[in-house]
Amino acid sequence: MRITVIEHEADAGLGYLAGWLGVPCDVVRPYLGEEVPVRAADGLIVLGGSAAAWEDERSPWQPATRDLLRRAVDEGTPTLAICLGAQLLTMACGGTVERGANGLEVGACEVVPLPAAASDRLLSGVGGAAVAVQYHQDVMTRLPDGAVPLMTGSPYPNQAYRLGEAAWALQFHPEATPEIFASWTDGSDLDAAGRLDADVKAAEESLVATWRPMAESFGDLVRSSAGAEANPTDPDATVLGAVRAPGA
């Protein structure tokens with residue numbers, strides 16, 4: 001039992017998720033020449049990156065990644081798409097991604113669950129406004145047909161949605177540790193980089209408390225889905241796995 005992970009950049013890895021999922025991960029690094037698979041394993045995670053979702057000339061593996069995401073949705077493979085990954089999923093399934101009219105959303109920002117989140121398998125534990133790490137300037141302006149909006153925020157309302165039974169798109173970064181976030185601001189032209197780093201560090205306890213249960217629920221979904229396929233006569237069958245860090 002394994003989760004296929006598409007990593008777009010070396011400094012945008014699994015972060016917290018490596019220790020939270022409870023399922024081994026096979027990390028594919030197309031920026032190093034590794035080929036994006038046609039199908040994911042038992043689950044799929046597509047991480048963030050600095051390219052725009054339409055900049056295929058900058059990241060030539062993005063068409064294959066969009067195809068992989070579309071197939072995962074069609075086949076009901078448990079899928080978690082984060083930031084750029086969420087935007088690629090949106091484009092792959094007929095939605096629209098554009099440059100955000102309100103500029104960069106960055107730092108420890110508030111996201112708010114919508115009514116549908118209360119019964120969502122991953123996000124039902126987020127009982128009210130929560131802190132999430134943000135770093136994006138492109139936004140999902142039109143969601144795919146059939147998408148269920150789950151979280152909102154300001155200035156960009158589409159912060160999370162579910163598509164089908166087992167695919168989630170998150171505009172924010174539940175995987176980002178304070179150290180990962182600081183690596184993104186290091187060398188940037190952000191005037192307030194030091195304050196932003198401090199804000200994310202101060203929010204660390206809240207970030208872990210909010211997003212670890214979500215990641216664990218995704219791992220549970222992968223296990224239960226894979227177990228059901230392995231034991232079709234036993235609807236309660238699961239297969240246990242251990243986390244493997246990226247590149248391990």
* **Flag, side chain of Trp211 to backbone of Ser206, donor-acceptor distance under 3.5 Å** => no
* Asked: Mind checking whether Tyr156 and Thr141 have side chains closer than 4.5 Å, heavy atoms only?
  -> no
* Hydrophobic cluster identity match, Ile6 and Tyr135, side-chain contacts under 4.5 Å -> no
* **Crowding at CD, Glu165 (>12 non-hydrogen neighbours, <6.0 Å)** => no
* Asked: Under 4.5 Å between side-chain heavy atoms, hopping through other hydrophobics if needed: is there a path connecting Leu163 to Val148?
  -> no
* Asked: Tell me the salt bridge (Lys or Arg N to Asp or Glu O under 4.0 Å) pairs involving residues 123-138, sequence neighbours left out?
  -> Arg99-Asp138
* Intermediate values then yes/no, side-chain contact (heavy atoms from CB on, under 4.5 Å), His173 and Ile82 -> CA-CA 6 Å; His173 288 277; Ile82 294 170; 3.8 Å; yes
* Around atom CG of Asp191, are there more than 12 heavy atoms of other residues, nucleotides or ligands at under 6.0 Å? -> no
* Asn158 (side chain) donor-acceptor with Met140 (main chain) under 3.5 angstrom -> yes
* Tell me, do Phe218 and Pro78 make a side-chain contact under 4.5 Å, heavy atoms counted? -> yes
* Can you check whether Tyr31 reaches Glu7 side chain to side chain, under 4.5 Å on heavy atoms? -> yes
Cut-off 3.5 Å, no hydrogens considered: what does the side-chain donor-acceptor table look like for residues 105-112, sequence neighbours left out?
| residue | atom | partner | partner atom | Å |
| --- | --- | --- | --- | --- |
| Glu105 | OE1 | His136 | NE2 | 2.6 |
| Glu105 | OE1 | Gln159 | NE2 | 3.3 |

* Asked: Are more than 12 heavy atoms from other residues, nucleotides or ligands located less than 6.0 Å from atom CD of Glu57?
  -> yes
* To do: Verify, without hydrogens or angle tests, whether Asp26 (side chain) and Thr4 (backbone) share a donor-acceptor contact under 3.5 angstrom.
  => no
* To do: Please name the pair of heavy atoms, one in Gly48 and one in Ala12, separated by the smallest distance, quoted to 0.1 Å.
  => O-CB, 3.7 Å
* Asked: Same cluster for Val23 and Leu68 if Ile/Leu/Val/Met/Phe/Trp/Tyr side chains link at under 4.5 Å?
  -> no
* Heavy-atom side-chain proximity of Phe181 to Asp197 below 4.5 angstrom -> yes
* same_hphob_cluster(Leu44, Leu17) at 4.5 Å side-chain heavy-atom cutoff -> no
* **Flag side-chain contact, heavy atom, 4.5 Å: Trp54 against Leu88** => no
* **Within one Ile-Leu-Val-Met-Phe-Trp-Tyr cluster: Val46 and Ile180, side-chain cutoff 4.5 Å** => no
* Asked: At what distance, to the nearest 0.5 angstrom, does CD of Gln171 lie from CG of Leu84?
  -> 9.5 Å
* What are the two closest non-hydrogen atoms of Met151 and Pro113, and how far apart are they? -> CE-N, 3.6 Å
* Structure fact -> SG of Cys93 to CG of Leu143, rounded to nearest 0.5 Å, is 11.0 Å
* Nearest 0.5 Å please: distance from the CG atom of Leu196 over to the CH2 atom of Trp184. => 12.5 Å
* To do: Would you indicate whether the side-chain heavy atoms of Leu150 and Trp168 approach each other to under 4.5 Å?
  => yes
* Between Ser59 and Asp56, is there a donor-acceptor pair closer than 3.5 Å when you use the side chain of the first and the backbone of the second? -> no
* Note, Thr79 side chain near Leu69 side chain (heavy atom, < 4.5 Å) -> yes
* Thinking salt bridges, do Arg70 and Asp67 make one under a 4.0 Å N-O criterion? -> yes
* Structure fact -> CE of Met214 to CG of Leu170, rounded to nearest 0.5 Å, is 5.5 Å
* To do: Taking Arg66 for its side chain and Ala53 for its backbone only, find out whether a donor-acceptor pair lies under 3.5 Å.
  => yes
* How far does CG of Leu114 sit from OH of Tyr161, to the nearest 0.5 angstrom? -> 14.5 Å
* To do: For the pair Arg223 (side chain) and Gly22 (backbone), establish whether a donor and an acceptor sit closer than 3.5 Å, ignoring hydrogens and angles.
  => yes
* Ring geometry between Trp61 and His8 (parallel below 30°, tilted from 30 to 60°, perpendicular above 60°) -> parallel
* Please determine, by modelled atom types, if Arg39 and Thr77 share a side-chain donor-acceptor pair under 3.5 angstrom. => no
* Asked: Roughly how far apart are Leu21 CG and Glu216 CD, rounded to 0.5 Å?
  -> 9.0 Å
* Please check if the side chain of Ser225 supplies one atom and the backbone of Val222 the other of a donor-acceptor pair under 3.5 Å. => no
* **All side chain to side chain donor-acceptor pair (under 3.5 Å) counterparts of Glu34, not counting sequence neighbours** => none
* Decide yes or no for Pro144 and Thr90: does some side-chain heavy atom of the first lie under 4.5 Å from some side-chain heavy atom of the second? => yes
